[in-house]
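All values below come from the heavy atoms of this structure, side chains included, with hydrogens, waters and symmetry mates left out. Since the structure is predicted, the reported quantities are computational estimates derived from the model, not experimental observations.
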Amino acid sequence: MNLSQLREWLSWISEAAADDCSFASSEGNENSLIFEPEKRLCERDYVIIDMLNSTGHEYVSFCVTDPSLPDNPIIFASQGFCNLTGYDYDEVVGRNCRFLQGAETDRRDIERISQALKAEIECSVNLLNYKKDGTTFINEFFLTQLRTPTRELAYFIGIQVAVDSQDPGQMPSNPGWVYTLGNHV
């Protein structure tokens with residue numbers, strides 16, 4: 001997949017989400033959240049960050065963590081993440097993503113994510129998470145690493161999409177899936 005195909009796909013996802021999502025658009029909102037990495041990233045990773053930060057992608061739920069800090073805390077959460085989970089930005093930053101887990105979250109899914117973090121590899125899993133108000137949602141979660149130009153780990157990025165089922169085969173509804181294609185072409 002080349003860059004123009006990736007842009008086209010993300011454009012299509014944006015249009016489909018606008019039709020299907022109840023997320024508020026931040027168009028014209030001076031408080032739109034944009035991730036600006038403090039660490040230098042490889043060009044490929046800047047491309048996905050630029051796309052996620054671009055107009056029309058405000059609905060995309062993603063967060064960025066810094067594994068060099070104790071407990072790998074969230075250092076950025078998109079407006080889409082806040083809309084999806086019901087948490088305000090200030091309630092999220094500084095916490096580990098585990099706060100979305102609850103009593104009914106499958107421990108095998110948690111272990112898959114934990115192993116991917118330790119191995120610094122991508123992971124895609126559908127797991128049960130909890131919103132701020134205690135309601136559950138099935139999170140089609142995609143995790144990947146953001147790397148420096150010298151291929152050192154800089155950050156992890158997690159992209160979340162609420163889906164109707166925990167069954168496999170739903171990968172295309174998560175924009176992070178496209179990022180995986182870009183890494184393997």
Using side-chain hydrogen bond (donor to acceptor under 3.5 Å, both in side chains) as the criterion, list what pairs up with Ser54, not counting sequence neighbours.
His57
Ser114: partners by side-chain hydrogen bond (donor to acceptor under 3.5 Å, both in side chains), with sequence neighbours left out:
none
For a salt bridge (Lys or Arg N to Asp or Glu O under 4.0 Å) check, start with the C-alpha distance between Lys39 and Glu152, then their side-chain angles and the critical distance, and finish with the verdict.
CA-CA 11 Å; Lys39 299 175 187 176; Glu152 294 175 48; over 6 Å; no
Would a 4.5 Å heavy-atom cut-off, applied to side chains only, mark Val93 and Phe76 as touching?
no
Determine whether Cys97 and Thr65 make a side-chain contact, defined as any pair of heavy atoms from C-beta on separated by less than 4.5 Å.
yes
Taking Asn96 for the side chain and Asp71 for the main chain, is one N or O donor matched with an acceptor at less than 3.5 Å?
yes
Looking at Asn129, is its backbone amide N or carbonyl O close enough to the side chain of Thr105 to form a donor-acceptor pair, meaning the two atoms are under 3.5 Å apart?
no
Checking Tyr46 now: which residues fulfil side-chain contact (heavy atoms from CB on, under 4.5 Å) with it, not counting sequence neighbours?
Pro37, Arg40, Leu41
Excluding sequence neighbours, so at least two apart, what forms side-chain contact (heavy atoms from CB on, under 4.5 Å) with Asn53?
Ile34, Phe35, Ile49, Phe62
In short, Ala154 meets Asp66 closest at the heavy-atom pair O-OD1, 3.9 Å
Sequence neighbours left out, what pairs pass ring pair (Phe, Tyr, Trp, His ring centres under 6.0 Å) with at least one residue falling in residues 97-130?
Tyr87-Phe99
Check the pair Arg108 / Asp106 against salt bridge (Lys or Arg N to Asp or Glu O under 4.0 Å), numbers first and verdict last.
CA-CA 5 Å; Arg108 293 172 296 188; Asp106 190 325; 2.6 Å; yes
Checking one residue: Ile110. Which other hydrophobic residues are in its cluster under the side-chain 4.5 Å linking rule?
none
Cationic N near anionic O, under 4.0 Å, Lys132 to Glu91:
yes
